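Data first, discussion second: the structure below is written as structure tokens.
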Amino acid sequence: MCRLFAVTSEEPLSPMVAIRALDVMKEGHDGSGVGLFMTDLGGDLEPFKGSPILSGIFSQEGIRKLDRYMMELGLLTKYKFSIRPSKEPPAGTPHRDVYLIRVYEYPYEWDGLSETEIADRLVKIRVALRKMGEEDQSMMVFSFWPDVIMIKEVGDPLQIAEYLGLDRKGLQARVILAQGRQNTNYAITLYACHPFFLQGVASMTNGENTAFSPIREYLTSRGYEGYMGYQSDSEVFTHILHYTTHRLSLGLDAYKHIITPLKDEELVRHPEGAFLRQLKHSCRFLTVDGPNCVIGCLPDKTLFMVQDSKKLRPGVVGGKPGMFAFSSEMCGLEEAIPLREKNYEFQPMKYDVAYVDASRMEVKRWNQWEKSIHPH
Amino acid sequence: MESVGKIHPSTLSAKDLHWHILWDKDKCTLCGRCTAVCPLRAIELGVHQKREITVKLGLMEKPGNVYSVYHGIDQVTEPAHACIGCGMCTQVCPNSAIYPVLNEEIDKLRYHTNSGGEPRRRGGRRNDAGSLLDRIKFIRISMLTDPALDAGRHEFELRTLLGRILPPEEMIEASRGNSWMPPVREIYPLIIGAMSFGALSPNMWEGLQMGVAYLNEEIGMPVRISTGEGGCPPRLLRSRFLKYVILQIASGYFGWDEIIHALPEMKEDPCAIEIKYGQGAKPGDGGLLMWYKVNKLIAAIRGVPEGVSLPSPPTHQTKYSIEESVAKMIQSMYMAWGFRVPVYPKISATTTSLAVLNNLARNPYAAALAIDGEDGGTGAAYNVSMNHMGHPIASNIRDAYLNLVKIGKQNEIPVFAGGGVGKNGNLAANAAALIMLGASGIQIGKYIMQAAAGCVGSETDRCNICNIGRCPKGITSQDPRLYRRLNPEDVAQRVVDVFLSFDSELKKILAPLGRSTSLPIGMSDAIGIDDYHAARRLQIKHVV
């Protein structure tokens, strides 16, 4: 089972907070990999909020290809934060030339484009780079988006963090998602490593979604190039969330209703049963079949946790105003926020959504029997 | 050498027949029940002379002989009376003195079943025990990465949808604008497929309807049954049970006068309207109710004269194209029930299924597509149609589903599969395999006749006389002397048994796959087959 840890804090944090939380949960994972998602950045990258950041792993040849490609598009490098490891990698971790974190400047031709158009172009560029890199393994691209950094690697999370120097002062974020294992159910590739990201939406999952294949077919047949990859069954959770928020313009409440709809007989008793029944029908191919605990982040920096409808995975939210963490195990939360207010602590069950918005004042709860938060 | 009498080309011996009657003289009490029950008069009481030679010891007396007479059973060898192997003689014999056996050799009868130039017609099945569905295995077993579920204790939602389902974007827009949305039914994925009132006896029909009503109202399983092309009894049309019924309209339009007239008095809408364009057992052929079965009741419900054969045309005569069929017929049927009832076509499996499907995809009203494979059964068809016409269901359903995936409409038009599901008794496994290949639900006919009413038909050309109204079990007969053998209450009980046990078996398949929250439509990663070419064709795993 993957170990998951996410934190949202008023004060920017080093990713080491999350890495250490993963480390105390190590009994339950095999330490075979790490995936990091950071947003609402602080430190050295704080001044570049509006500019897209490319995250990935590149060989020297990959960098050359990248530069040529970006130059052609008119995207200029604004700031480099890349990591070039000088030490020997820990056992089991391959040597990489560059862990790229590079801020770009939009070409002037993009001035006046709508936000949607810019967002779509960023996805197109990321997908194109990923495909170019797959040909000769020279590039692996995890994200290309403003205010987002992603790092993924094979090996023990703590050793990798030390190897890459993730404790460097300038690397800080207010929202961090971290996951501590390579996937076990499909081939090991960094593209299968959680968290997954698409246009401001990120999520990571433990467990296995047995409805993966039909969901993947459904998403790939939506005609949207961002719905690709699927080296892991967990990637569909990110893309269903993206579909819910970006394509259907619905909220987190609808996401929960889509992935774990109420049963037919339950809908009869629900005040919004008529609409929810239609939603269940229309999104039938997006119903997941867990066990899964999902921790994710929305474009507005809201962090959330939901469980599948069998609720067979652990998951806890807790903290104090100003800092909250979402952890697949209690010991992770204990490590990250030992001095927390217990009344905020909550373990979401099968109907619940637990979330902390960007104000970071409280853990909000909503469950599927309540009225929708977002009008539909 | 004694003369064998006059022989002609169609003179057959018992050895030439498909079924032999074995009779034990020692056990037989000569009660005559077997000859009375035989639906084809394939056996008759025989009076035989026997000569016994007596040889005394010594040479004083010459050997003598005594003629004696004994009574027994003779098998008639005329093709028209050839034994069909139904085994009713065995069933009624108090001493188990008689039973039919399959000829080990390929019979000669088959060359002589066309007397008068009329090819053989029959009911039943294709007479091919092979089943690709039986070879599909469920191979994605949940082990340590996700725990297998408990089929007995876990909650399962085994429902499917019948109706045109709007894509989410359109649904939300329609919901906000309070506009019309196509009706969608939440139903159990195993449907009792089209078998008409007429093809089936009144007792059989009543039993099926009672069983379905019980499953819905007492057990809470939303099971649905299609009427087939023969109308629907007036009282059922005006009852609350109509909501469990899919009314079928086919090229003969039989019974639709009665249905249309009942419209203002209907308390409930029917579940759906099925427009039959074809059936798997005799693709490209219309329904065929032989005159033997058209009695007063059937004639009244169908709105036809008594005692005439009712061959439906192979196609709907007023339609000349798929577009027209879809546009005119589907929409006018919607209109009849105020756009509250899903309307969908049923076709024979064919290489042209995808053309039909693509057309339906473009029409916003088409509620589903039912595809009936070559192994579908029938009450009456030409032998050649049953044995040699049609397309297997597995690859046709798979193609249909993958085609929908290609155009992104796999959730908009549910595809239902029928034809040979459970032909060797493996109903749940076959149904689950088809669902994982892409079917939203399954239609069954022969299986329910066998399991709920004791139909003796098999893939070895046993019985198969549904067409002539002499069904020895009273399932497909309109003769009260025959159908009173079937108690509707017993049939209803068996229908309930079948669905409950199917439900348990389906859970036993889905639980180890880790599926419980929705029907695993298109979960092709869970199935595999030991045939390389079949695996490639179906785009599933090849397992050896």
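Note that the structure is a prediction, hence the values are computed from the model and not measured. Residue numbers begin at 1 in each chain, while the letters A, B, ... track the order of the sequences.
Looking only at heavy-atom pairs under 4.5 Å with chain B, the residue among A:C283, A:P261, A:A211 that has the most is A:A211. Ranked by heavy-atom pairs under 4.5 Å with chain A, the list B:A526, B:S518, B:S524 is led by B:S518. Ranked by heavy-atom pairs shorter than 4.5 Å toward chain A, the options B:K406, B:E169, B:E173, B:E170 are led by B:E169.
The part of A:R222 that comes within reach of chain B is its side chain, from C-beta onward, which places non-hydrogen atoms under 4.5 angstrom from that chain. With a 4.5 angstrom heavy-atom cutoff, B:L513 touches chain A only via backbone atoms. Using a 4.5 Å cut-off between heavy atoms, B:T160 touches chain A through backbone and side chain atoms alike. No part of A:I215 comes within reach of chain B, as not one of its non-hydrogen atoms sits under 4.5 angstrom from that chain. Within the 4.5 angstrom heavy-atom criterion, no atom of B:P520 approaches chain A. For a residue to count as touching a neighbouring chain, one of its non-hydrogen atoms must lie under 4.5 Å from one of that chain's; by this rule B:R159 touches chain A with the side chain only. Proximity to chain A involves both the backbone and the side chain of B:Q410, based on heavy atoms less than 4.5 angstrom apart. With a 4.5 Å cut-off on non-hydrogen atoms, B:L149 touches chain A through its side chain but not through its backbone. Only the side chain of B:Y401 comes within contact range of chain A, judged by heavy atoms closer than 4.5 Å.
In terms of heavy-atom proximity, B:T517 sits nearest to A:S309 at CG2-OG, 3.0 Å. Here the closest heavy-atom approach between residue A:S221 and residue B:V405 is recorded as CB-O, 3.0 Å. Heavy-atom minimum distance, B:P168 versus A:L248: CB-CD2, 3.5 Å.
Of the possible polar contacts, one joining the A:T210 side chain to the B:G514 backbone as a donor-acceptor pair under 3.5 Å is found. Without hydrogens or angle criteria, B:E157 side chain to A:D264 main chain gives a donor-acceptor distance under 3.5 Å. Between the side chain of A:S282 and the backbone N or O of B:L166 there is at least one donor-acceptor pair closer than 3.5 Å. Of the possible polar contacts, one joining the A:D289 side chain to the B:S516 backbone as a donor-acceptor pair under 3.5 Å is found.
One finds a salt bridge joining A:E208 and B:R140 here, because a Lys/Arg side-chain nitrogen approaches an Asp/Glu carboxylate oxygen to under 4.0 Å. No salt bridge links A:R284 with B:E412; every basic N to acidic carboxylate O contact stays at or beyond 4.0 Å. Of the charged side-chain nitrogens involved, none lies within less than 4.0 Å of a carboxylate oxygen, so that A:K310 and B:E155 do not count as a salt-bridged pair.
B:R515 CZ to A:T287 OG1: the interatomic distance, rounded to the nearest 0.5 Å, is 8.5 Å. Atom CG of A:L279 sits about 6.5 Å away from atom CD1 of B:I172, to the nearest 0.5 Å. Taking CZ of A:F285 as the start and CD1 of B:I165 as the end, the distance is 8.5 Å to the nearest 0.5 Å.
Shown here is A:R247, whose CZ atom has more than 12 heavy atoms of other residues, nucleotides or ligands within 6.0 Å. Few gaps surround CD on A:E225; more than 12 heavy atoms of other groups in view lie less than 6.0 Å from it. By the neighbour-count criterion of 12 heavy atoms within 6.0 Å, atom CZ of B:F138 is densely surrounded, having more than that number from other residues, nucleotides or ligands.
The closest side-chain heavy-atom distance from B:D525 to A:F212 is not below 4.5 Å. Using a 4.5 Å heavy-atom threshold, the side chains of A:F275 and B:R176 count as separate.
A side chain to side chain contact (heavy atoms under 4.5 Å, CB included) with A:H281 holds for exactly one of B:E186, B:M181, B:M171; it is B:E186.
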